[in-house]
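Numbered from 1 within each chain, the chains take letters A, B, ... in sequence-line order.
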Amino acid sequence: MMINITFPDKSVKQFEAGVTPLEIARSISPRLADDVLAASINGEEWDLSRPVNGDAELKLFKWDDPEGKHAFWHSSAHLLAEALQILYPGVKFGIGPAIESGFYYDIDPGQHQLTSDDFKKIEDKMLELARNKEDIVRADISKADALKLFGDRGEEYKCELISELEDGHITTYTQGCFTDLCRGPHIPNTAPIKAVKITSLAGAYWRGDEKRNQLVRVYGITFPKKKMLDDYLALLEEAKKRDHRKLGKEMELFAFSQNVGAGLPLWLPKGAALRDRLEQFLRKIQKRYGYLQVITPHIGNKALYVTSGHYAKYGKDSFQPIHTPQEGEEYLLKPMNCPHHCEIFRALPRSYRDLPLRLAEFGTVYRYEQSGELHGLTRVRGFTQDDAHIYCAPDQIKDEFLKVMDIIFYIFKALKFDNFEAQISLRDPEHKEKYIGSDENWHLAEQAIIEACAEKGLNARTELGEAAFYGPKLDFMVKDAIGRRWQLGTIQVDYNLPERFQLEYTGADNQKHRPVMIHRAPFGSMERFVAVLLEHTAGKFPLWLTPEQAVVLPISEKFNDYAHQVAAALEEQDFRVEVDDRNEKIGRKIRDNELKRIPYLVIVGEKEQEAGEVSVRKQGEGDQGSMKIANFARLLAEEVKKSINQ
RNA sequence: GCCGCAAUAGCUCAGUCGGUAGAGCAUUUCAUUCGUAACGAAAAGGUCGUGGGUUCGAGUCCCACUCGCGGCUCCA
């Protein structure tokens, strides 16, 4: 019997029923057969060696396709497991999936104690097994047989997984002496795995549940070519150089002190000035969008958070209340600004004419994050949100969303964050009871978010069940130097707080109405934003933001006076300029200041002094020739203007 | 909070078998006064994260704590 195989370009070819994707690839070209790693049949992931029995749409995936890498790394995870089984008899296996870069396997090492010293041994064993060119063979298995197979081997974790699977849909994959419960797909043979690196060990709770056993997670990555591994390792080294913790120290932006406490950043003068410029930048846009700045205290009466519901939910795991000499009086360091802003809403009678009311504050908040979670400036215990709360009528939500998105896009564009991801978090439609607020309002808000994204042409991922209990949200995520995702901007609808704080406004109908609240923070927090910005720019901030815009370098000490005159003239126009009047040769000064990522170096010697000029050198681009001081100032001004006004 | 790993000069790091701590860069001083990515010489700089323990003797071995790193869990 012949079947029709449709290719992605819609062309159709006939093959014998039972043909495998690999055979199809070979019929096209031997080269393709060498390169192909996985396939899909009618959209379903499919092994290259798995027969196709009916008409189908076929896609073939190579290394450059995520699906190809995925199969390659998934098979590598099995290879890792096989090596571990041989090297450490008695280890029990959890799960071993492919991830964004590489793969891991969770194992219960039993009496063995794995350390990084074992990596080489594991890598060598994996390579040895790969060189055996073992076929990776898929098999259907009944639930009973699967339970017996893995039960006999004492694989308690696998048995738990099997017991939750539906009979008739269980498959195993075997290569060499290792058989794993697995849905696939896999590459057909271990041979293409030519380079192996075990990257790290970590603890991981079984099934992500902190109440259950902690397994050892072995991370690794593999490649079809040795050179690709070398390139990958070089890339990781490069990424480490742009780690914000390293750059922040080097550039004297922020510091931590054991004496102050973990997760409590100290902003050094240059960092504080940088942060201030970011705040001014945002303040200016927000003013344009009708925001009103407010200021609220760093602590609030415990009752405020009991009212908001936060105390019940987070009180135990937060910084504990501050006690006063007055018996029974308790205050909390504020973990968020919203309750304070709600009280500002309540401070005056509100009319529908006041809405939307947009209250903004750079509000510093304190959250007792778990010690193991602290991370540079991205996860801290005291941080400042670029917070604002918009109080509006339900039918104003969409319009307000659009406006907030405008602000976020403006900021991301000015700072060249072009690789952000957006996620719409909606409620779980199966469990509407978990959420507060009326069905009608939820529907309205969710539609408002979805429509706003569509109108802005924003390609956002939609996640059901990820909404906060009080409302749906839209988050913006940016990756750091080594690919970890951090949430920056966020826009959240909230039905809960207006209810709890009994917020009301008088409508055109002279009746009382409850406003909807929108929380939003385009940066997320100043700390996290600066961290991610550092990693994005590798410390080379745009001219308007950078701590030192230019450094004047006198050729010798004879020209120090002129250098200071030049600096003074530029400072007069509000540029941030320093003079490197150290007793060093010009080559040395250039090198040091280039390494400090100074955007413009201004070299002055006899020629410049006589002509009233400066010799300009641009970071990374070298000598730009000499010009009058005023012309250089104009050049700076134009560059600043261009990046801020876009 | 959990698992694993680490902590030595301002920074990056070496320190063997337990025997009184070392390099490069940065800093200071001297010399030099220089034209587009590192001139030279010298000096100074450390209770080896903190507290206990083992030992004749601890940077080194053991325990606890603190801080940090990689994950996990969490993230109002």
Using atom [atom1] of each nucleotide, how far apart are [N] and [M] to the nearest Å?
N	M	atom1	answer
B:U16	B:C25	P	24 Å
B:G19	B:A6	C1'	26 Å
B:C30	B:G46	C1'	26 Å
B:C62	B:A23	C1'	31 Å

If you take the centroid of each ring, where Trp contributes its six-membered ring, are [Y] and [X] closer together than 6.0 Å?
X	Y	value
A:Phe103	A:His74	no
A:His375	A:Trp486	yes
A:Phe469	A:Tyr435	no
A:Phe529	A:Phe523	yes

Encoded 5' to 3' (Watson-Crick or G-U under 3.5 Å; [ ] crossing; | other strand), RNA chain B becomes (((((.(..((((.....[..)))).((((.........)))).....(((((..]....)))))).)))))....
Nucleotide of B:A37, B:G35, B:C67 approaching A:Ile603 most closely (side-chain heavy atoms)
B:G35
Given B:G70, B:C75, B:A38, which nucleotide is nearest the side-chain atoms of A:Arg588?
B:A38
More 5' along RNA chain B: A:Leu114 or A:Arg379, using each one's nearest nucleotide?
A:Leu114
For A:Tyr205 and A:Asn213, does a side-chain donor sit closer than 3.5 Å to a side-chain acceptor?
no
Please name all residues satisfying salt bridge (Lys or Arg N to Asp or Glu O under 4.0 Å) with A:Asp592, sequence neighbours left out, ordered by chain then number.
A:Arg582, A:Arg588
Whole-Å distance separating the CZ atom of A:Phe559 from the P atom of B:C34:
7 Å
Please confirm whether the shortest side-chain N or O distance from A:Arg245 to OP1 or OP2 of B:G70 is below 4.0 Å.
yes
Is there a residue in residues 515-532 of chain A whose heavy atoms reach under 4.0 Å of RNA chain B, and which residues are they?
none
Check: [Y] main-chain N/O paired with [X] side-chain donor or acceptor under 3.5 Å:
X	Y	result
A:Arg514	A:Leu503	yes
A:Asn441	A:Ser438	no
A:Gln492	A:Leu474	no

